[in-house]
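Worth knowing before you read on, the calculation uses all heavy atoms, side chains too, and leaves out hydrogens, waters and symmetry mates. Residue numbering restarts at 1 for every chain, and letters A, B, ... go by the order of the sequence lines. None of the values given here were measured: they were computed from a predicted structure.
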Number of protein chains: 2
Amino acid sequence: MKGPWWQQRLCDYGFRLTNPRAMIIGILRNTEKHLSAEEIYIDAVKINPSIGLTTIYRTLDLFTQIGVVQKFDFGDGRARYELTNNPLKKDHHHHLVCVKCKTIIDYTDFVHEELELMNKTEKALSRKYRFNIYHHTVHFYGICSQCQREG
Amino acid sequence: MKGPWWQQRLCDYGFRLTNPRAMIIGILRNTEKHLSAEEIYIDAVKINPSIGLTTIYRTLDLFTQIGVVQKFDFGDGRARYELTNNPLKKDHHHHLVCVKCKTIIDYTDFVHEELELMNKTEKALSRKYRFNIYHHTVHFYGICSQCQREG
DNA sequence: TGAATATTGATAATGGTTTCCATTAACAGG
DNA sequence: CCTGTTAATGGAAACCATTATCAATATTCA
Ligand SMILES: [Mn+2]
Ligand SMILES: [Mn+2]
Ligand SMILES: [Zn+2]
Ligand SMILES: [Zn+2]
């Protein structure tokens with residue numbers, strides 16, 4: 001009955017606690033990056049060489065469903081994942097994406113004001129369109145300083 | 001030298017005005033939906049059966065580059081496109097996405113306040129992270145009223 | 001009009017993600 | 001602890017949106 005919140009979450013939904021699942025959480029816990037399935041696989045193989053890429057995809061999908069990870073598309077042709085409640089990160093943040101080198105910055109500037117407005121908007125939208133809103137994304141796209149220098 | 005703004009834009013960038021390009025603009029002008037490349041292709045074939053899907057992709061890519069259309073990912077595994085300055089739509093809007101049936105609603109509620117905050121945020125982020133910001137996306141994800149009823 | 005060249009469209013290739021299915025591992029009940 | 005039931009795994013093949021290739025065609029402009 002004890003254990004990290006994500007184990008609790010798995011249990012609540014009737015899913016089993018397995019090595020691959022724990023390993024993937026471990027990898028996501030230890031990075032500030034937004035890893036793709038294959039990047040996670042590469043790290044995972046170092047720990048357990050017999051793990052399969054299929055399992056990575058399946059697990060990330062499961063975790064996304066139950067809210068343990070969040071799946072993003074930043075426009076580079078592959079999905080990227082981030083642990084919900086990553087201890088290395090601020091809880092709520094939005095994203096700044098370099099369309100050239102694909103660098104992703106988590107920013108929290110103005111996030112308080114943004115959140116306030118987001119909540120207000122979310123309420124209004126829920127009422128007006130009868131939507132049950134789960135989450136939102138805010139992405140700013142542009143060119144990072146390094147890519148600007150390099151032309 | 002005259003003609004719609006997108007023709008001007010093509011010309012400014014040194015691209016030619018061709019039938020497929022005009023046709024794709026026409027299709028996007030006449031819908032409020034967010035069409036995928038294949039959906040556009042299906043409409044295009046009705047007008048010119050010899051058009052190729054490749055051309056659709058190429059053209060949408062070109063239009064995205066020069067700002068004539070905007071490309072979005074709403075999480076259903078294919079890119080979706082929307083004409084910039086579609087006469088059927090409000091200029092600036094954000095999106096409400098049903099994760100179940102993939103319905104997409106353009107909303108403009110609070111968009112004025114949002115935009116104000118977005119501009120402020122954009123300025124602050126540009127300065128702080130030395131980013132040259134081109135655009136942003138705001139997506140709310142949830143379940144639409146119909147999908148709620150259907151369980 | 002005709003040469004120069006940008007664009008097109010058919011086909012094949014790519015690559016991230018899913019599906020399939022036989023094998024393995026988790027775990028509740030004994 | 002065993003053990004049976006059933007969920008989870010991993011390798012291979014399939015899937016499918018998107019891209020690359022390249023010969024044929026259309027546009028532009030002198
Ligand atoms: Mn992030
Ligand atoms: Mn829209
Ligand atoms: Zn960059
Ligand atoms: Zn729906």
Original post:
Is there side-chain contact between A:Phe15 and A:Arg21, with at least one heavy-atom pair below 4.5 Å?
Top reply: yes
Original post:
Tell me, do A:Asp106 and A:His95 make a side-chain contact under 4.5 Å, heavy atoms counted?
Top reply: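 Heavy-atom side-chain distance check passes, below 4.5 Å.
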Original post:
More 5' along DNA chain D: A:Thr54 or B:Leu17, using each one's nearest nucleotide?
Top reply: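 It is A:Thr54 whose nearest nucleotide is closer to the 5' end.
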Atom [atom1] of [X] to atom [atom2] of [N]: distance rounded to whole Å?
{"X": "B:Tyr41", "N": "C:dT8", "atom1": "OH", "atom2": "P", "answer": "14 Å"}
{"X": "B:Asn48", "N": "D:dT25", "atom1": "CG", "atom2": "P", "answer": "14 Å"}
{"X": "A:Leu53", "N": "D:dA13", "atom1": "CG", "atom2": "P", "answer": "15 Å"}
{"X": "A:Gln65", "N": "D:dA8", "atom1": "CD", "atom2": "C1'", "answer": "16 Å"}
{"X": "A:Asp61", "N": "C:dG16", "atom1": "CG", "atom2": "P", "answer": "17 Å"}
{"X": "B:Leu62", "N": "D:dT19", "atom1": "CG", "atom2": "C1'", "answer": "16 Å"}
{"X": "A:Leu10", "N": "C:dC27", "atom1": "CG", "atom2": "C1'", "answer": "14 Å"}
{"X": "A:Arg58", "N": "C:dC21", "atom1": "CZ", "atom2": "C1'", "answer": "11 Å"}

**OP:** Have a look at B:Gly77 and say if it touches a base, only the backbone sugar-phosphate, or nothing, with a 4.0 Å heavy-atom cut-off.
**Re:** sugar-phosphate
**OP:** Mind checking A:Ser50 for me? I need base, sugar-phosphate or nothing, with any heavy atom below 4.0 Å counting as a touch.
**Re:**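 The answer is sugar-phosphate, as A:Ser50 gets under 4.0 Å only of primed atoms, P, OP1 or OP2.
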Original post:
Applying the side chain to side chain donor-acceptor pair (under 3.5 Å) test to A:His34, which of A:Glu82, A:Lys71, A:Glu39, A:Gln70 qualifies?
Top reply: A:Glu82
**OP:** Check step by step if ring-ring contact (aromatic ring centres under 6.0 Å, His included) holds for B:His92 and B:His135.
**Re:** CA-CA 11 Å; B:His92 186 85; B:His135 63 105; over 10 Å; no
What nucleotide, of [options], holds the atom closest to the side chain of [X]?
{"X": "B:Glu38", "options": "C:dG9, C:dT17, D:dA17", "answer": "D:dA17"}
{"X": "B:Ala37", "options": "C:dT18, D:dG10, D:dT18", "answer": "D:dT18"}
{"X": "A:Arg78", "options": "D:dG10, C:dT8, C:dT17", "answer": "C:dT17"}

Subject >> Stepwise salt bridge (charged side-chain N to carboxylate O under 4.0 Å, His left out) check, A:Asp61 with A:Arg58 >> reply: CA-CA 5 Å; A:Asp61 201 50; A:Arg58 240 185 333 231; over 6 Å; no
Original post:
Of A:Thr55, A:Val68, A:Leu35, A:Leu28, which is the lone residue that meets side chain to side chain contact (heavy atoms under 4.5 Å, CB included) with A:Leu60?
Top reply: A:Leu28
Subject >> Contact residues, residues 19-35 of chain A to DNA chain D [heavy atom, < 4.0 Å] >> reply: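 Nucleic-acid contacts, sorted: A:Pro20, A:Arg21.
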**OP:** List the steps and the verdict of salt bridge (charged side-chain N to carboxylate O under 4.0 Å, His left out) for B:Lys120 and A:Glu113.
**Re:** CA-CA 11 Å; B:Lys120 183 175 154 193; A:Glu113 283 144 284; 2.6 Å; yes
Distance test, side-chain N/O of [X] to OP1/OP2 of [N], below 4.0 Å:
{"X": "A:Arg16", "N": "C:dC27", "result": "no"}
{"X": "A:Tyr57", "N": "C:dT17", "result": "yes"}
{"X": "A:Thr18", "N": "D:dT9", "result": "yes"}

